[in-house]
Student: 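Handing you a structure now.
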Amino acid sequence: MYANPANAAKTYRDSEAHHVIDSDDAYGLIQKLLGRLIGCVGVARHALGNDDIASKGEQIGKAIEILSLLQVALDYSHNRQLAENLANLYDYCSRQLLHANLHNDDAILAEVVSLLREVKEAWDSIAPSDGAA
């Protein structure tokens with residue numbers, strides 16, 4: 001489902017949000033990215049509720065960056081339909097986050113968190129056995 005995790009890890013380490021990644025393990029990398037992504041949107045919601053517009057925008061920017069990294073890491077050769085569905089979902093979430101940022105819309109942020117939690121729960125349920133990634 002995800003291609004070349006080493007490249008995704010390097011790209012992420014080279015980005016401003018590099019502190020999240022400390023592993024080249026593909027499964028763990030995606031798991032951390034999804035967790036951080038959900039966390040960023042949650043912090044953005046909290047900031048919005050406190051009228052901290054600057055923090056809200058910063059967290060939404062980080063979330064969009066993570067979504068971009070997840071899109072780049074998709075492996076279309078393994079399961080094309082699943083990769084396309086995830087790419088579409090990540091694109092939708094990015095657009096929704098931009099809209100929520102522009103309009104200070106907590107309902108949209110809540111929708112994005114809900115969608116991303118479903119993806120993370122599915123990812124968590126397929127933990128590799130034998131420590132293999």
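The chain is numbered in sequence order, starting from 1. Values in this document were obtained by computation on a predicted structure and should not be read as measured data.
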Student: Say whether, by atom type as modelled, one donor and one acceptor occur between the side chain of Tyr27 and the main chain of Trp123 under 3.5 angstrom.
Tutor: yes

Student: With rounding to the nearest 0.5 Å, note down the distance linking CD in Glu111 to CG in Leu109.
Tutor: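 It comes to 10.0 Å.
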
Student: Side chains of Leu70 and Ile66, heavy atoms from C-beta outward: is any pair under 4.5 Å?
Tutor: yes

Student: Pick one: which of His46, Lys56, Arg45 meets side chain to side chain donor-acceptor pair (under 3.5 Å) with Asp106?
Tutor: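 It is Arg45, the one option of His46, Lys56, Arg45 that forms the side chain to side chain donor-acceptor pair (under 3.5 Å) with Asp106.
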
Student: Write down the atom of Leu115, the atom of Cys93, and the distance for their closest heavy-atom approach.
Tutor: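 In terms of heavy atoms, the two residues are closest at CD1-SG, 4.3 Å.
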
Student: Could you tell me whether Glu58 and Lys62 have a side-chain N and a carboxylate O separated by less than 4.0 Å?
Tutor: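 Yes, Glu58 and Lys62 are salt-bridged.
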
Student: What residue among Asp105, Ile53, Ile60 forms side chain to side chain contact (heavy atoms under 4.5 Å, CB included) with Leu48?
Tutor: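 One option only clears the test, and that one is Ile53.
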
Student: Look at the side chain of Ser68 and the backbone N and O of Ile64, then say whether any donor-acceptor pair between them is shorter than 3.5 Å.
Tutor: yes

Student: So do Leu116 and Val113 actually touch side chain to side chain, heavy atoms under 4.5 Å?
Tutor: no

Student: Hey, could you give me the OG/CG distance between Ser94 and Leu89, rounded to the nearest 0.5 Å?
Tutor: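 Here the interatomic distance stands at 9.5 Å.
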
Student: Nearest 0.5 Å please: distance from the CG atom of Leu82 over to the CG atom of Asp75.
Tutor: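 Separation between the atoms: 10.0 Å.
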
Student: List the atom of Gln71, the atom of Tyr90, and the distance in Å for their closest heavy-atom pair.
Tutor: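 So the minimum-distance heavy-atom pair works out to CG-CB, 3.5 Å.
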
Student: Give the intermediate values and the outcome of side chain to side chain contact (heavy atoms under 4.5 Å, CB included) for residues Val72 and Leu69.
Tutor: CA-CA 5 Å; Val72 168; Leu69 292 168; 5.6 Å; no

Student: Find out whether His103 and His99 are in side-chain contact, i.e. whether some heavy atom of one side chain is under 4.5 Å from a heavy atom of the other.
Tutor: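 His103 vs His99: side chains touch.
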
Student: Going only through I, L, V, M, F, W and Y residues with side-chain contacts under 4.5 Å, is there a path from Ile126 to Leu29?
Tutor: yes

Student: Mind listing the closest non-hydrogen atom pair of Gln96 and Ile108 along with its distance?
Tutor: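 Looking at all heavy atoms of both residues, the closest pair is O-CG2, 3.3 Å.
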
Student: When hydrophobic residues are tied together by side-chain contacts of less than 4.5 Å, even through go-betweens, does Leu97 share a cluster with Val43?
Tutor: no

Student: Once rounded to the nearest 0.5 Å, what's the spacing between atom CG of Leu37 and atom CD of Glu65?
Tutor: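 Reported to 0.5 Å precision, the distance equals 11.0 Å.
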
Student: Counting only heavy atoms not in Arg117, do more than 12 fall under 6.0 Å of its CZ?
Tutor: no

Student: Strictly below 4.0 Å, N to O, side chains only: are Lys120 and Asp124 in salt-bridge contact?
Tutor: yes

